[in-house]
2 protein chains.
Amino acid sequence: MHGHQTISSGELAAQGGTTSAQVRKDLSFFGSFGKRGLGYSVSALSSSLREILGLGRQWNVVIVGAGKIGAALAQYEGFRDRGFKVVGVYDEDPARVGGTLDGVVVRDQRELESDIMKLKPHIALIAVPAEAAQTLVDRVVKAGVRAILNFAPTPLTVPEKVTLRSVNMALELEILSYALVNAGE
Amino acid sequence: MHGHQTISSGELAAQGGTTSAQVRKDLSFFGSFGKRGLGYSVSALSSSLREILGLGRQWNVVIVGAGKIGAALAQYEGFRDRGFKVVGVYDEDPARVGGTLDGVVVRDQRELESDIMKLKPHIALIAVPAEAAQTLVDRVVKAGVRAILNFAPTPLTVPEKVTLRSVNMALELEILSYALVNAGE
DNA sequence: GCGGGCTTGTGAATGATTTCACAAGGTAAC
DNA sequence: GTTACCTTGTGAAATCATTCACAAGCCCGC
Ligand SMILES: NC(=O)c1ccc[n+]([C@@H]2O[C@H](COP(=O)([O-])OP(=O)(O)OC[C@H]3O[C@@H](n4cnc5c(N)ncnc54)[C@H](O)[C@@H]3O)[C@@H](O)[C@H]2O)c1
Ligand SMILES: NC(=O)c1ccc[n+]([C@@H]2O[C@H](COP(=O)([O-])OP(=O)(O)OC[C@H]3O[C@@H](n4cnc5c(N)ncnc54)[C@H](O)[C@@H]3O)[C@@H](O)[C@H]2O)c1
């Protein structure tokens, strides 16, 4: 941020909107990265965290559903920049299959299982309507995917060995709605 | 779900992936909605919660940034279905200004302040590049918006009276990355 | 090499959240 | 009406998370 070589827990806390003690406790979970009296070396901390988070390497991603949000995700530079590479996009709509999104061709969802066996993607993004989401999750899990990020606004279940996270934007708006109704109390 | 008239805390918990005690404690924060021995009336609970969350009414939303994610959000039916209406979309790119997204015309970001004063939207969605996000947040706050949902992967600050929530998809992927690296330990 | 000034790493204290457990109250069958 | 059975609502206990506070360690100037 300032081009400093080193940064203190207090400065990190200010940037992240938390407290210095919190930053130190969190980092101490992984080990001791700081130097007393000085703080943390920005470059050493950054590379240690990248290592710990598994960001040194490339992760391959498939996107299921090439609609509005699926297309936006497929073309999102923020993923590529961070080492997440879209290796496949799938849809059931013949009008979308065969189209191209940021260099990746949209393929028929019937190819999903065989492609996953072949490409061995690490992560699947689920961007289909809520009604179809569980079915697609079951299919990618069966084909071997162990990490899923879901955008459909519906609860999903996965086996224990699979990590599932969900982004629920409508819920976010409902939380804002509640905050607005209860503002100034 | 089953067409039941009534539902127990245990069934709600199973659906939401939590525990029955948790459901009852959470609901008790707002009042007593259940009948002992029977559970909760689905319709009464649903309308009470809609009331409490402020979902009876329509909330007007402006979207700042008509790029890939902004366009997807502008056309997202899930928002309209839940009473969130997109009343304006803004961009700085002349190639996008004047275009139409789901019936809403994209307007020049220079009109942002005057439009907000006029339309009085309740919520702003920020879908511009990270570098521009804080500036746009400051502008919509100054113009009177009290609730913001941010999609740019950057920390933002707002005055205390304003509610800010952020959706950080790259962070979600990093969490999955960490889970994959530490799988089976 | 020594002392002053900073900042880490971490136990202990405090605060928040979740889980437990059960009395109170309701249903329904007979 | 009585009994057998459920489920809520909620204090108390247990767990989890944050904040406090400070000894230990490191840098730097002298
Ligand atoms: N658009 C948004 O901004 C947005 C935001 C948050 C969440 N979501 C959620 O993301 C999901 C997709 O939303 P969208 O707006 O992109 O809708 P969309 O209708 O534009 O896209 C859905 C796509 O999924 C495809 N599809 C349907 N069934 C399929 C199947 N079995 N296999 C493969 N593909 C299938 C459809 O052909 C379509 O292309 C929905 O669950 C929605 O609630 C969307
Ligand atoms: N595409 C995705 O799936 C995705 C997912 C998560 C987060 N995001 C984030 O959302 C933001 C937008 O991403 P995108 O992929 O839509 O990028 P994009 O480049 O497609 O869109 C950004 C838009 O913002 C406009 N813009 C730039 N400065 C502006 C200003 N001062 N006023 C008004 N408009 C302005 C640009 O003209 C462009 O149309 C980024 O911060 C990105 O990190 C995108």
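Throughout, a chain's letter reflects where its sequence line sits, starting with A, and its residues are numbered from 1. Hydrogens, waters and symmetry mates play no part in the numbers below; they use all other heavy atoms, side chains included. On a predicted model such as this, the values are computed, not experimentally measured, just so you know.
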(message) If I take atom CZ in residue Phe30(A) and atom P in nucleotide dT10(C), what distance separates them, rounded to the nearest angstrom?
(response) 14 Å
(message) From C-beta outward on Ser9(A), which listed nucleotide comes closest to its side chain: dT10(D), dT8(C), dT19(D)?
(response) dT8(C)
(request) Under 4.0 Å between any heavy atoms, over every strand shown, what does Ser20(A) touch: base, sugar-phosphate, or nothing? Just pick one. (result) nothing
(request) Could you tell me whether Arg110(B) atom CZ has more than 12 heavy atoms of other residues or ligands within 6.0 Å of it? (result) no
(request) Measure the distance from NZ on Lys25(A) to C1' on dC16(D) and round it to the nearest whole Å. (result) 13 Å
(message) Expressed as a whole number of angstroms, how long is the span from Leu12(B):CG to dG9(D):P?
(response) 12 Å
(message) The side chain of Gln22(B) is closest to which nucleotide in this list: dT7(C), dT10(D), dT18(C)?
(response) dT18(C)
(message) Does the protein touch nucleotides 25-30 of chain D at the base, only the backbone, or not at all? Give it as B, S and - per nucleotide, heavy atoms under 4.0 Å.
(response) BBS---
(request) Measure from CZ on Phe33(A) to P on dG9(C) and round the result to the nearest Å. (result) 9 Å
(message) Distance alone, cut at 3.5 Å: any donor-acceptor contact between the side chains of Gln22(B) and Asp26(B)?
(response) yes
(request) Within residues 46-54 of chain B, find the residues that approach DNA chain C with a heavy atom at under 4.0 Å, and present them sorted by residue number. (result) none
(message) Out of the candidates Asp115(A), Asp93(A), Asp91(A), only one should pair with Arg107(A) under the salt bridge (charged side-chain N to carboxylate O under 4.0 Å, His left out) rule; please name it.
(response) Asp115(A)
(message) Can you confirm whether the side chains of Asp138(B) and Gln134(B) place a donor and an acceptor under 3.5 Å from each other?
(response) yes
(request) Give the nucleotide from the list dT18(C), dT8(D), dT19(D) with an atom nearest to the side chain of Tyr40(B). (result) dT8(D)
(request) Starting from C1' on dG11(D), measure out to CZ on Phe29(B) and report it in whole angstrom. (result) 18 Å
(request) Compare the minimum distances between each of dT8(D), dT10(C), dA12(D) and the side chain of Arg24(A), then state the nucleotide with the smallest one. (result) dT10(C)
(request) Would you kindly compare Thr18(A) and Leu27(B) by the position of their nearest DNA chain D nucleotide and give the one closer to the 5′ end? (result) Leu27(B)
(request) Give me the one residue out of Val61(B), Val140(B), Ile116(B) that meets side chain to side chain contact (heavy atoms under 4.5 Å, CB included) with Pro121(B). (result) Ile116(B)
(message) Testing the basics here: between Trp59(B) and Ser177(A), what is the closest heavy-atom pair and its distance to 0.1 Å?
(response) NE1-OG, 3.0 Å
(request) Determine the minimum heavy-atom distance between Phe151(B) and Met169(A), stating which atoms define it. (result) CE2-SD, 3.6 Å
(message) Checking side-chain polar atoms at under 3.5 Å, does Ser8(A) have a donor or acceptor matched by the opposite partner on Glu11(A)?
(response) yes
(message) Quick check on side chain to side chain contact (heavy atoms under 4.5 Å, CB included): which of Val145(B), Val137(B), Asn150(B), Ile126(B) does Val64(B) satisfy it with?
(response) Ile126(B)
